[in-house]
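Just so you know, these numbers come straight off a predicted model, no measurement behind them. Convention: sequence-line order gives letters A, B, ...; per-chain numbering from 1. Computation of the quantities below employed the complete heavy-atom set of this structure, encompassing side-chain atoms and omitting hydrogens, waters and symmetry-equivalent molecules.
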Protein chains: 2
Amino acid sequence: MSVNPGSLECTCYKLRQVTRLVSRAYDAFLVPCGISIGQFGMLETLKRMEGESISRVAHVLQMDRTTLTRNLTPLKKMGFVVMQTGSDKRERALSLTTAGKRALAAAEPKWRDAQTSLEQQLGKRTLKSLNDAMDATLGHLGGDPCQ
Amino acid sequence: MSVNPGSLECTCYKLRQVTRLVSRAYDAFLVPCGISIGQFGMLETLKRMEGESISRVAHVLQMDRTTLTRNLTPLKKMGFVVMQTGSDKRERALSLTTAGKRALAAAEPKWRDAQTSLEQQLGKRTLKSLNDAMDATLGHLGGDPCQ
DNA sequence: TCAATACGCGTGTAATTACACGTATATAAT
DNA sequence: ATTATATACGTGTAATTACACGCGTATTGA
């Protein structure tokens, strides 16, 4: 007997359930830092993609281009991110400010606490299978999401 | 060498990436139905929880109570869901209308196409490990999310 | 060179998500 | 019975998500 009798066993439904649950947990740890786990991930990605354009960063995040544009607004307002126009005037070169790097570094211990808490609740084995399932899915569907 | 060099290997980051990616794919299949995969999942849950309150349905969806309240607005506007007050006047008894049941039934083939497409892209084995990882995570963290 | 096409981006609109706060109802304590 | 507490919910605010549409810039074709 399934724990979810009568349900359609929708993979997307499960993903959304789990993502809400896990995101709330991470957010709770990050409250003292003043940023969300989504913002933490964006800062982290921007750090690794210094000077890249909105579209390329959005692709790595598997995020719609316009979504990233919107999500950058609070990060710019907080003074963590700047946009500059380069040789190709259509593109916006994104980069972290010093304050942005500082905020990211300050949030990292709290992020680690959240990650460790998840590991303790799930167990190493289940956490690994979760991470592996995500990586495999990105590998199959993501085109070329990472790097 | 990881595909994500320098990254922090954040489980929540991966979950959010994958959920965005997969949700967009399901949404594409559901376009002709006029509802999103999130709405499909809510209708599906409401069908299985006829007459239940906002808080209880939100708990099953692993959704904040106020989020469900907001998400019900378009479903009520489309005439798919109604709210009634029962014996306990604090509670709202949720239920699908006939139109809601019809819309859900009409969307099911498209949902199945999306689910099948995901299975074909990931392969049966990877899809199963993805589903299992979600179930295990919900089992460990969700308290009592399903049923 | 100049038109046609492709590319990168912003904005309008609307749904999704959740916290903080307040209100109304029910239950418990005295 | 009355007060205190707990429960269920709505709203303000703000971030997250993405599609449709339009504008400016670059590249390509003739």
Side-chain angles (χ1 to χ4, degrees), chain A residues 12-13 15-32 34-43 52-59 61-78 80-81 83-94, chain B residues 12-13 15-32 34-43 52-59 61-78 80-81 83-94:
Chain A
C12 191
Y13 180 92
L15 272 167
R16 293 171 68 95
Q17 268 183 319
V18 171
T19 299
R20 283 189 291 260
L21 182 61
V22 172
S23 292
R24 281 198 305 272
Y26 278 68
D27 278 340
F29 279 92
L30 287 175
V31 163
I35 60 173
S36 67
I37 185 59
Q39 294 175 328
F40 179 81
M42 283 188 280
L43 292 178
E52 290 280 9
S53 70
I54 290 181
S55 290
R56 277 189 289 272
V57 174
H59 180 245
L61 288 163
Q62 293 294 354
M63 195 180 279
D64 187 86
R65 175 186 62 78
T66 66
T67 301
L68 179 56
T69 297
R70 291 278 151 79
N71 290 354
L72 287 175
T73 304
L75 294 176
K76 288 190 289 187
K77 203 178 300 178
M78 290 187 277
F80 294 166
V81 172
M83 280 176 31
Q84 289 157 316
T85 46
S87 52
D88 188 331
K89 286 168 187 167
R90 295 173 302 180
E91 294 192 354
R92 314 275 176 263
L94 296 172
Chain B
C12 191
Y13 180 93
L15 271 167
R16 294 171 68 94
Q17 269 183 317
V18 171
T19 298
R20 283 188 292 259
L21 181 61
V22 173
S23 291
R24 281 198 304 272
Y26 278 69
D27 277 341
F29 279 92
L30 286 175
V31 163
I35 61 174
S36 67
I37 185 60
Q39 294 175 327
F40 179 82
M42 284 188 280
L43 293 178
E52 290 281 10
S53 71
I54 289 181
S55 290
R56 277 190 289 271
V57 174
H59 180 247
L61 288 164
Q62 293 294 353
M63 195 180 278
D64 187 86
R65 174 186 61 78
T66 66
T67 301
L68 179 56
T69 297
R70 292 278 151 80
N71 290 353
L72 287 175
T73 304
L75 294 176
K76 287 190 288 188
K77 202 178 300 178
M78 290 188 275
F80 294 165
V81 172
M83 279 176 32
Q84 289 158 315
T85 46
S87 52
D88 189 331
K89 285 169 190 169
R90 296 172 302 179
E91 294 190 354
R92 314 275 175 262
L94 297 172

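Rounded to an integer number of Å, the gap from B:Leu21 CG to D:dA18 P is 9 Å. Summarising the geometry, the separation between CG on A:Leu68 and C1' on D:dT16 is reported as 11 Å, rounded to the nearest angstrom. Counting to the nearest Å, the P atom of D:dA18 and the CG atom of B:Leu30 are 15 Å from each other. When the P atom of C:dT17 is taken as reference, atom CG of A:Leu15 falls 13 Å away, rounded to whole Å. Rounded to whole Å, the distance from CZ on A:Arg92 to C1' on D:dT25 is 10 Å. Between A:Lys89 atom NZ and C:dA6 atom C1' there is a gap of 19 Å when expressed in whole angstrom units. Rounded to whole Å, the distance from CG on A:Leu72 to P on C:dG10 is 9 Å. Rounded to whole Å, the distance from CD on B:Glu91 to C1' on C:dT27 is 13 Å.
The residue A:Asp88 sits close only to the backbone: its heavy atoms come under 4.0 Å of sugar-phosphate atoms, none of a base. Within the 4.0 angstrom heavy-atom criterion, only backbone atoms of the sugar-phosphate kind lie near B:Ser87; the bases stay farther away. The residue B:Ser53 sits close only to the backbone: its heavy atoms come under 4.0 Å of sugar-phosphate atoms, none of a base. A:Arg56 comes within 4.0 angstrom of no nucleic acid atom, judged by non-hydrogen atoms across all strands. Looking at heavy-atom distances under 4.0 Å, A:Thr73 makes no contact with the nucleic acid at all. Within the nucleic acid shown, A:Ser36 comes within 4.0 Å of sugar-phosphate atoms alone, with no base atom in reach, counting heavy atoms only.
Between the base of C:dC19 and the side chain of B:Thr66 there is a donor-acceptor pair shorter than 3.5 Å. At a cut-off of 3.5 angstrom, the base of C:dC9 holds no donor-acceptor pair with the side chain of A:Arg90. Side chain B:Arg70 to base D:dG12: a donor-acceptor pair is found below 3.5 Å.
A:Thr69 has a side-chain polar atom (N or O) that falls below the 4.0 Å cut-off from OP1 or OP2 of C:dG10. In this structure, A:Ser55 reaches the C:dC9 phosphate: one of its side-chain N or O atoms is under 4.0 Å from OP1 or OP2. Considering only side-chain N and O atoms, B:Asn71 lies nowhere under 4.0 angstrom from the phosphate OP1 or OP2 of C:dA15.
Heavy-atom distances to DNA chain D give each of B:Lys76 and B:Thr19 a nearest nucleotide, and the one nearer the 5′ end belongs to B:Lys76.
Minimum atom distance to the side chain of B:Thr67 is reached by C:dA18, of the listed D:dA26, D:dT17, C:dA18. When distances are taken from the side chain of B:Arg24 to each of D:dT11, D:dA18, C:dG10, the shortest belongs to D:dA18. Minimum atom distance to the side chain of A:Met83 is reached by C:dG10, of the listed C:dA15, C:dG10, C:dC9. Distance from the side chain of A:Pro74 is smallest for D:dT16 among the nucleotides C:dT16, D:dC19, D:dT16. In the set C:dA15, C:dT11, C:dT17, the nucleotide with an atom closest to the side chain of A:Arg20 is C:dT17. Checked against D:dC9, D:dT17, C:dA15, the side chain of B:Arg65 finds its nearest nucleotide in D:dC9. Relative to the side chain of A:Asp64, the nucleotides D:dC19, C:dT25, D:dA15 differ in distance, and D:dC19 lies closest.
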Would you sort out whether A:Asn71 and A:Met63 count as a side-chain contact (heavy atoms from CB on, under 4.5 Å), showing the intermediate values? CA-CA 10 Å; A:Asn71 290 354; A:Met63 195 180 279; 3.6 Å; yes

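The backbone N or O of B:Ser23 lies less than 3.5 Å from no partner atom in the side chain of A:Arg16, so there is not a single donor-acceptor pair. A:Arg56 places no side-chain N or O within donor-acceptor distance of the main-chain N or O of A:Ile54, the cut-off being under 3.5 Å.
Distance CG/A:Leu68 to CZ/A:Arg92: 12.5 Å, rounded to 0.5 Å.
Side-chain contact between B:Glu91 and B:Thr85 is absent, with no heavy-atom pair separated by less than 4.5 Å. Proximity of B:Ile37 to A:Tyr13: side-chain heavy atoms (C-beta onward) are nowhere separated by under 4.5 Å.
When the options B:Leu15, B:Val22, B:Leu21 are evaluated for a side chain to side chain contact (heavy atoms under 4.5 Å, CB included) with B:Val18, the one that passes is B:Val22.
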